[in-house]
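Below: one structure, written as structure tokens.
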Protein chains: 4
Amino acid sequence: MTRSPATQRIVCAAVAHFAEASYDGASLSAIAEAVGIRKASLYAHFASKEALFMAAFEEALGIERTFADDCFNDESDRALPGLRYCHALIRRFGESAHLRFLLRAGYMPPGTLAEWVDARHEAYLAQLNDRFLARLDDWQGAQGALCAMQRERFALAYLGIVDSLQVKLIYTTAELALARLEALSSIFEDSLIQHCKSGNTP
Amino acid sequence: MTRSPATQRIVCAAVAHFAEASYDGASLSAIAEAVGIRKASLYAHFASKEALFMAAFEEALGIERTFADDCFNDESDRALPGLRYCHALIRRFGESAHLRFLLRAGYMPPGTLAEWVDARHEAYLAQLNDRFLARLDDWQGAQGALCAMQRERFALAYLGIVDSLQVKLIYTTAELALARLEALSSIFEDSLIQHCKSGNTP
Amino acid sequence: MTRSPATQRIVCAAVAHFAEASYDGASLSAIAEAVGIRKASLYAHFASKEALFMAAFEEALGIERTFADDCFNDESDRALPGLRYCHALIRRFGESAHLRFLLRAGYMPPGTLAEWVDARHEAYLAQLNDRFLARLDDWQGAQGALCAMQRERFALAYLGIVDSLQVKLIYTTAELALARLEALSSIFEDSLIQHCKSGNTP
Amino acid sequence: MTRSPATQRIVCAAVAHFAEASYDGASLSAIAEAVGIRKASLYAHFASKEALFMAAFEEALGIERTFADDCFNDESDRALPGLRYCHALIRRFGESAHLRFLLRAGYMPPGTLAEWVDARHEAYLAQLNDRFLARLDDWQGAQGALCAMQRERFALAYLGIVDSLQVKLIYTTAELALARLEALSSIFEDSLIQHCKSGNTP
DNA sequence: GATGAATGAGTGTTCATTCAT
DNA sequence: TATGAATGAACACTCATTCAT
């Protein structure tokens with residue numbers, strides 16, 4: 001299951017190119033050139049452009065899932081749930097072609113791959129959802145003030161904030177994304193604290 | 001400056017195709033076919049694919065700006081500021097190729113057009129920002145409880161929510177976007193009311 | 001329905017190339033080069049290689065059907081039925097790419113075209129069958145000695161002889177094909193005369 | 001000169017693939033896959049595609065020559081000379097890739113191999129010719145009524161009939177080939193008997 | 001305004017072949 | 001013997017663009 005070094009370099013180049021140009025816009029010639037081989041040689045490693053795309057997607061997804069996991073694991077109990085991941089996202093975006101790839105990839109896969117991509121994308125979001133809920137439960141502690149409906153609502157809002165940051169990162173700059181994060185996280189915190197207090201007092 | 005009917009039909013077809021396939025993915029052949037003319041005839045109306053893209057972008061932008069204006073104008077004073085536009089967005093997304101085009105267009109314009117698109121996109125967001133602030137001021141009424149910093153913060157958050165909705169619309173369904181809107185608008189409202197109250201009482 | 005001169009030249013070149021190399025073996029580059037244009041320019045005339053193949057096939061079929069018709073029309077009443085066409089075939093084979101194309105074309109059309117080709121090929125053979133039977137009836141004159149079963153048998157044999165000649169032409173030379181024709185036509189004549197006599201006398 | 005089992009399996013697969021797709025259409029990848037090895041491994045057994053083709057051709061030719069020999073050896077003295085082989089051909093065509101290969105191979109060998117194939121094909125036909133003549137002599141028995149010229153004529157006609165059957169088998173079905181054989185063999189028999197009788201009586 | 005025809009550049013893909021391992 | 005990797009050449013096909021008509 002481990003990949004040869006050459007194959008791995010192809011996957012990396014593919015991630016970078018798909019990240020910049022989406023599926024249709026990325027060309028196998030360019031990817032091959034980046035690796036330093038001829039276009040035809042790619043076919044010794046992957047059966048088709050789609051197969052390469054899938055390998056690149058799974059590579060990127062694996063890395064980003066691990067990254068997200070780490071962020072949630074390292075978050076202190078008292079921090080606003082999920083905030084650490086949001087900050088890490090902003091710092092990371094410029095550096096990680098994997099992340100940019102994931103965001104762009106979902107946009108325009110060719111017809112056949114749409115479902116395949118969607119399924120994996122949703123699994124990724126479900127993981128974020130789970131990790132956020134776990135953190136939320138830790139955060140509110142023993143009191144457990146939030147009802148099920150409220151928990152769900154905050155999770156929905158949290159994922160919305162994550163998407164919102166990613167869009168801002170794609171379109172503009174880390175700086176502006178950070179400003180947005182501060183605004184959104186502050187209203188998020190306001191609402192969350194308010195509900196915990198009100199839920200706490202009879 | 002008014003366009004011939006034929007030219008207008010080309011722009012409409014272009015909007016639709018760019019909306020579905022981004023700049024690179026859309027082909028002049030397909031656009032011409034949709035209009036019912038030959039590809040070469042397009043060049044009697046537009047000097048290049050880029051020129052057509054720009055015309056389509058400005059068409060879509062104009063329509064969506066008007067649409068947004070109308071939403072804000074029609075919003076009742078007591079409604080949560082900007083909420084009407086968010087709901088309209090969700091309803092509209094499936095129907096309006098112009099809107100889908102605007103969202104997709106920013107993603108992958110060819111190198112040369114990136115700045116051109118960005119400038120216009122920002123102007124669009126600035127308008128939303130302005131209209132939201134005007135509504136916010138109306139809403140809090142004479143009291144004027146929010147300080148300048150808070151006003152700006154809520155505006156930033158509001159635009160974040162709008163982006164978040166649009167992403168959800170692109171990737172998934174109107175239904176899920178609506179659930180997200182309800183979650184985000186409720187925390188937004190919690191925070192807003194809280195700040196107005198606290199700002200109100202001495 | 002009339003073709004532009006350039007289009008017609010492409011069809012002619014296509015007939016020649018498909019005749020020499022079958023469908024798969026013929027390359028659009030080579031056909032374009034023969035015409036004196038670039039490969040991409042072919043697509044201004046035909047939508048695909050298959051479309052060009054079909055046009056070439058129908059061109060060749062039309063010409064060969066006319067040729068066969070003429071041969072049967074010009075045959076004297078007393079000549080052995082269909083013999084004139086066989087001789088003409090041998091003379092013509094070296095000169096007519098259309099004929100060579102027809103024979104080769106049926107061999108290896110791509111999956112999709114197999115049925116299409118077969119249907120037309122059979123129509124061609126049915127025409128030969130009809131013309132032969134008409135001549136046969138003329139030849140035996142008023143007596144009408146041959147029963148229906150015999151008529152059919154001779155028609156089957158006649159088409160067999162035609163195929164046999166074509167194979168010999170493809171594999172070897174006109175000279176050897178002529179020798180084969182003489183052998184086959186003589187046994188054919190023997191049998192035919194014998195059946196007419198026997199049918200004649202009570 | 002004996003082949004390793006692996007080499008033999010390659011030749012068998014090659015026969016099958018060349019039979020279905022002619023020389024150009026058959027791909028070494030597909031042949032290798034059928035054998036269960038990689039394409040590059042073929043070159044441990046054969047120096048080139050042409051070399052493999054030649055090996056496959058000789059394999060097929062050997063088998064079909066033996067088959068023809070057997071047919072002629074098993075034919076009863078009183079049967080119409082060569083008829084047994086014709087019937088066997090029809091039965092065999094669907095089952096024997098070797099036979100299909102031989103027929104197809106001659107059609108489209110690449111330039112270099114054309115002569116090589118022709119020489120072997122002619123030797124095969126010469127064998128059929130010889131065996132037919134031997135049978136013909138047996139059949140007419142001691143009388144020896146047929147003159148040399150007639151013997152040769154019937155041999156030419158016989159080979160023509162064989163070719164005709166093969167074409168019908170390639171293009172259509174065993175059933176139609178059988179109908180053709182019955183028509184051709186009946187006129188062949190008519191003529192043959194007629195010439196033996198007339199040659200017999202002074 | 002519209003079009004048929006042409007084109008150079010480019011797409012993904014397959015091919016037979018080579019070579020170090 | 002067998003293979004993974006590489007490659008040049010060719011494949012059918014699409015692209016945006018040009019130009020004479």
Side-chain angles (χ1 to χ4, degrees), chain A residues 4-7 10 23-32 35-53 110, chain B residues 4-7 10 23-32 35-53 110, chain C residues 4-7 10 23-32 35-53 110, chain D residues 4-7 10 23-32 35-53 110:
Chain A
S4 90
T7 303
I10 292 171
Y23 183 83
D24 283 327
S27 94
L28 293 188
S29 321
I31 293 173
V35 178
I37 59 176
R38 307 289 157 186
K39 187 176 29 164
S41 309
L42 292 176
Y43 287 83
H45 301 267
F46 296 97
S48 66
K49 192 186 188 183
E50 289 198 356
L52 175 55
F53 178 87
Chain B
S4 85
T7 303
I10 292 171
Y23 183 84
D24 283 329
S27 94
L28 294 188
S29 323
I31 293 172
V35 178
I37 60 176
R38 307 290 157 187
K39 186 177 25 166
S41 311
L42 292 176
Y43 288 83
H45 300 266
F46 297 96
S48 66
K49 192 184 187 184
E50 291 197 354
L52 175 55
F53 178 87
Chain C
S4 89
T7 303
I10 292 172
Y23 183 84
D24 283 327
S27 95
L28 294 187
S29 322
I31 292 173
V35 178
I37 61 176
R38 307 289 157 185
K39 185 176 26 167
S41 309
L42 291 177
Y43 289 83
H45 301 267
F46 296 96
S48 65
K49 192 186 189 183
E50 290 198 356
L52 175 55
F53 178 87
Chain D
S4 86
T7 303
I10 292 171
Y23 183 84
D24 284 328
S27 94
L28 294 187
S29 321
I31 293 172
V35 178
I37 61 176
R38 307 290 158 187
K39 184 176 29 166
S41 311
L42 292 176
Y43 288 82
H45 301 264
F46 297 96
S48 66
K49 192 184 187 184
E50 290 197 354
L52 175 55
F53 178 87

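Numbers restart at 1 for each chain; the letters A, B, ... are given by sequence-line order, proteins then strands.
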Nearest to the S41(D) side chain among dT3(F), dT13(E), dC13(F), which nucleotide is it?
dT3(F)
Of the nucleotides dT17(F), dT3(F), dA16(E), which has the atom closest to the K39(D) side chain?
dA16(E)
Heavy atoms only, 4.0 Å cut-off, all strands: where does A26(D) land among base, sugar-phosphate and nothing?
sugar-phosphate
Of all the nucleotides listed (dT17(F), dA9(F), dT18(F)), which has the minimum atom distance to the side chain of L28(B)?
dT17(F)
Any strand is fair game: report the nucleotide pairing with dA12(F) by Watson-Crick or G-U wobble, both distances under 3.5 Å, or none.
dT11(E)
Whole-Å gap separating C1' (dA5(F)) and CD1 (I10(A)):
9 Å
Pick the nucleotide of DNA chain E nearest each of L42(C) and G25(D); which residue has the one closer to the 5' end?
L42(C)
I need the minimum non-hydrogen distance between L52(A) and L28(A), along with the two atoms involved.
CD2-CD2, 4.1 Å
Give the rounded distance in Å between these two atoms: CG of D24(A) and P of dC15(F).
11 Å
In whole Å, what is the span from the OH atom of Y23(C) to the P atom of dC11(F)?
13 Å
Rounded to whole angstroms, how far apart are NE2 on H45(B) and C1' on dG1(E)?
6 Å
Nucleotide nearest K49(C) when distance is taken to its side chain, options dC19(E), dA12(F), dC15(F):
dA12(F)
Nearest to the side chain of A40(C), which nucleotide is it out of dG8(E), dT13(E), dG4(F)?
dG8(E)
Donor-acceptor pair, K49(B) side chain versus Y23(B) backbone, under 3.5 Å?
yes
Mind checking S27(A) for me? I need base, sugar-phosphate or nothing, with any heavy atom below 4.0 Å counting as a touch.
sugar-phosphate
5' priority, DNA chain E, between Y43(A) and A44(C) [closest heavy atom]
A44(C)
